[in-house]
Amino acid sequence: MARSYLGNHPNPAERWEQFVFNPPPLIAFDTETISLRDRTLLGVGASIGTESFYVTTDDEWFHYFLRLLQDQSIDKIYHNCMFDLRVLRKYKVDYINIEDTAVMCHILGIPAVLEEAALLHTDTVVESAKSFLARLGCKDMSQAPVEEVAHKCQIDAEATWKLYQALKYKVPQGYYQVERQIIPMLETISQKGIKIDQQRHKELSEWYTREYSYYKSLADGMGFNPGSTQQVGYILARRKNFLPLTRSRKSISTDKSVLKKLQDPVAQLVLLYRQTQTIRSNFLIPLNGLSRAYTTLHMDAITGRISSTDAGDSEPDRNLQNIPRKADMPGAPPVRSMFVPDGKYLTKMDANQIELRVLAHLSNDSHMKSVYLDPDGDIHSETSRGLGIPRDAAKTFNFAMIYGAEVYTLSDRTGIADLKQVAAYRRLWMETYPEAARWMIIQQEEGLRNGYVETLMGRKMMLPVELGEKHCRNCAVNWPVQGTAAEIFKLVMLECRSMIDAIRLQIHDELLDEGDQELPSGLADVSSVHVPMQVDYKVERWY
DNA sequence: AATCATTGCCC
DNA sequence: GTACGGGCAATGATTC
């Protein structure tokens, strides 16, 4: 049991009373847990910059702190709130009126680690948890002396408060408000989860396990572990297959694109083994016996996309943004088919060709824009006609271009082997969409000169110079496109706030909703980029 | 036990 | 001679 005060007031006991019974309207909070894995809450710190408080969970004053955390009228600052909100979930704290300094850092393109951000933008020196534990010779926070933990927590909360003050006038307000309002939506979706059809899960498990066991037994019989890239490389090489080296040149490359090209049945066996193993270990075993699947959504990607992850604590939780979209083994049941509505139906919506629409807008390419003027406009078909290649190849081409792909990659992805021919197509693409091509070049040059690029709403993204010029050039083109698409989709999500309890999944440009949803009108024009929504109603399973 | 390297799923 | 952008996670190999 402990309570601590850090500040200049002569009477801490009195200050404590004032603070909890007559709280200020803006408070920074920080939670301390045993470790990242064991998120048992030890205590909570609060700060208003000049003064900081800390209370352990077993202290009688803890519930007064909870009241502050639950109070919607108090504006609560966290640094990376998704962590704290998850820790505090069982206490039903408020997650509407939240500020997040880590989110601010990401918008501004500055380091978002508290130690670094506090050092650069406030006069507070913050110690990382790792060095704190090393200094005290403890293996986790529960071993550390409570005064030390209290002090660290108070300093962290203080740094958060000061960081907020330092950044609030620097951050583009409109953008920050969008991000800020997205936070409660992410928390709601994370808490709600999506229903799993256990019967279907069982069928999938049986199917994939049967296949998996078969391929494994064949490999066992041949005396190698198909899960070991080293052994696969060795055995295939011994069977006189030619295999390239991996990028690091440390081992033999045996990835899918390499194995696919081989005639050797052993290569095909490895592919089948991997497919079944991947699905089992990523999507079936972790969801075994669960009636719902949960994830934790975050907003810490460079471009502003939302990411989905396993929070890493004891709760069953996983990435729900990488579920296989279709089964590519003959006769295999699709993984998505086990995700079902709570009621009868799901509603699926996705932002139609959002990234290419964004490219058209950012580059002001007249040809691209004219395609999208038509409500049924399809840029891939247009490219297909323009270059005289199949639509599939054109689609690959269009996407690869916004990733900065060069001739060799384009050839690999489109399956057009003739490099001279692909180079000609590439030039033709740039002639077909001349302003887009020019925009890409300007992005690269300006990005390299400035060291950063920006999205439409003003998110600043520092280019990773340490990864080399070529990589930076690609990022300079792709990041504004991806980032702008992400912020437009956030605006779409905000428009859908009224149906927040129905939203089950967000997969970048797609929402999966519970029930027969009547979508808000005007979704296509929440930003200056016109992006029509494509909606599927009355969906009984995700697949 | 922790970290690196490889692989593979999503948009 | 040649990197296609952003994510997360599992597994085996290597290092400590």
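Below, each value reflects all heavy atoms present in this structure, side chains not excepted, and no hydrogens, waters or symmetry copies.
- When side chains are defined from C-beta on, L505(A) does not count as touching I323(A), because their heavy atoms never get closer than 4.5 Å.
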Using the 3.5 Å cut-off, write out each protein N or O paired with an N or O of nucleotides 1-5 of chain B and the distance between them.
| unit_1 | atom_1 | unit_2 | atom_2 | d |
| --- | --- | --- | --- | --- |
| dA5(B) | OP1 | K250(A) | NZ | 2.7 |

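- The separation between N319(A) atom CG and dC8(C) atom C1' is 5 Å, rounded to whole Å.
- Shown here are the side chain to side chain donor-acceptor pair (under 3.5 Å) partners of S308(A), two or more places apart in sequence or in another chain: T295(A), N319(A).
- Side-chain contact between F283(A) and R318(A): present, with at least one pair of heavy atoms (C-beta onward) separated by less than 4.5 Å.
- Looking at residues 426-449 of chain A, you'll see that no heavy atom sits under 4.0 Å from any atom of DNA chain C.
- In this structure, NZ of K260(A) is placed 15 Å from P of dT7(B), rounded to the nearest angstrom.
- Within a heavy-atom distance below 4.0 Å of DNA chain B, no residue of residues 353-364 of chain A is found.
- Computed from coordinates, the L320(A) CG to dA9(C) C1' distance equals 13 Å when rounded to whole Å.
- Under the 6.0 Å distance and 45° angle rule, R280(A) does not count as a cation-pi partner of Y208(A).
- Residue F283(A) contributes atom CZ, which lies 12 Å from atom P of dT11(C) at whole-angstrom precision.
- Regarding M493(A), its CE atom lies at a distance of 16 Å from the P atom of dC11(B), rounded to whole Å.
- Between the P atom of dA10(C) and the OH atom of Y212(A) lies a distance of 15 Å, rounded to the nearest Å.
- Computed from coordinates, the Y543(A) OH to dC10(B) C1' distance equals 16 Å when rounded to whole Å.
- As rounded to whole Å, 6 Å separates atom P of dC8(C) from atom CG of D300(A).
- R280(A) comes within 4.0 angstrom of nothing in the nucleic acid, heavy atoms only.
- Shortest non-hydrogen contact noted between M462(A) and Y452(A) is SD-CB, 3.7 Å.
- In this view, P390(A) and A393(A) satisfy the side-chain contact (heavy atoms from CB on, under 4.5 Å) rule, not counting sequence neighbours.
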Q) Do M141(A) and T33(A) pass the side chain to side chain contact (heavy atoms under 4.5 Å, CB included) test, and can you show the C-alpha distance, the side-chain angles, and the key distance before you say yes or no? A) CA-CA 7 Å; M141(A) 286 289 174; T33(A) 59; over 6 Å; no
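- Here the side chains of T254(A) and L259(A) are in contact, with some heavy-atom distance below 4.5 Å.
- Within residues 223-236 of chain A, the residues having any heavy atom under 4.0 Å from DNA chain C are, by residue number, N225(A), G227(A), S228(A), Q230(A).
- Side-chain contact annotation: Q263(A) with Q268(A), donor-acceptor N/O pair under 3.5 Å absent.
- Nearest to the side-chain atoms of I302(A) among the listed nucleotides dC11(B), dG6(C), dC9(B) stands dG6(C).
- Near DNA chain C, meaning a heavy atom under 4.0 Å away, the residues from residues 303-315 of chain A are R305(A), S307(A), S308(A), T309(A), D310(A).
- Within residues 462-480 of chain A, no residue is approached by DNA chain B to less than 4.0 Å at the level of any non-hydrogen atom.
- Residues meeting the salt bridge (charged side-chain N to carboxylate O under 4.0 Å, His left out) test with E454(A), sequence neighbours left out: none.
- With sequence neighbours excluded, the residues forming a side-chain contact (heavy atoms from CB on, under 4.5 Å) with S213(A) are T209(A), listed by chain and number.
- Distances were taken from every side-chain heavy atom of N282(A) (C-beta onward) to each of dG8(B), dC10(B), dA10(C); the shortest belongs to dA10(C).
- Looking at residues two or more places apart in sequence or on another chain, you find a salt bridge (charged side-chain N to carboxylate O under 4.0 Å, His left out) between E206(A) and K202(A).
- Side chains of T40(A) and D38(A): a donor on one and an acceptor on the other come within 3.5 Å.
- As judged by a 4.0 angstrom heavy-atom cut-off over every strand, R413(A) is placed among the base-contacting residues.
- Using modelled atom types and a 3.5 Å distance limit, the side chains of T414(A) and Y425(A) yield no donor-acceptor pair.
- Annotation: dT2(C) and dT6(B) have their P atoms spaced 16 Å apart (nearest Å).
- In summary, the side chains of W479(A) and N474(A) do not present any donor paired with an acceptor at a separation below 3.5 Å, with no hydrogens or angles considered.
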Hey, can you pull the donor-acceptor pairs under 3.5 Å for the side chains in residues 101-110 of chain A, sequence neighbours left out?
| unit_1 | atom_1 | unit_2 | atom_2 | d |
| --- | --- | --- | --- | --- |
| T101(A) | OG1 | Y78(A) | O | 3.3 |
| T101(A) | OG1 | H79(A) | ND1 | 2.7 |
| H106(A) | ND1 | A102(A) | O | 3.0 |
| H106(A) | NE2 | D300(A) | O | 3.4 |

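- At the phosphate of dC8(C), neither OP1 nor OP2 sits under 4.0 Å from any side-chain N or O atom of R318(A).
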Q: Could you give me the CA-CA distance, side-chain angles and deciding distance for D313(A) and R86(A), then say whether salt bridge (Lys or Arg N to Asp or Glu O under 4.0 Å) is met?
A: CA-CA 10 Å; D313(A) 59 17; R86(A) 177 154 183 120; 2.7 Å; yes
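- The minimum heavy-atom distance between E382(A) and V371(A), with the atom names listed, is CG-CG2, 3.5 Å.
- Phosphate proximity of dA10(C) to Q277(A): absent, as no side-chain N or O sits under 4.0 Å from OP1 or OP2.
- In this structure, the nucleotide among dT2(C), dG8(B), dG7(C) sitting nearest to the side chain of R274(A) is dG8(B).
- Closest contact between the side chain of R249(A) and the listed nucleotides dC8(C), dT2(C), dC11(B) involves dT2(C).
- When only modelled atom types and interatomic distance are considered, Q506(A) and E510(A) share no side-chain donor-acceptor pair under 3.5 Å.
- The aromatic ring centres of F399(A) and H380(A) sit less than 6.0 Å apart.
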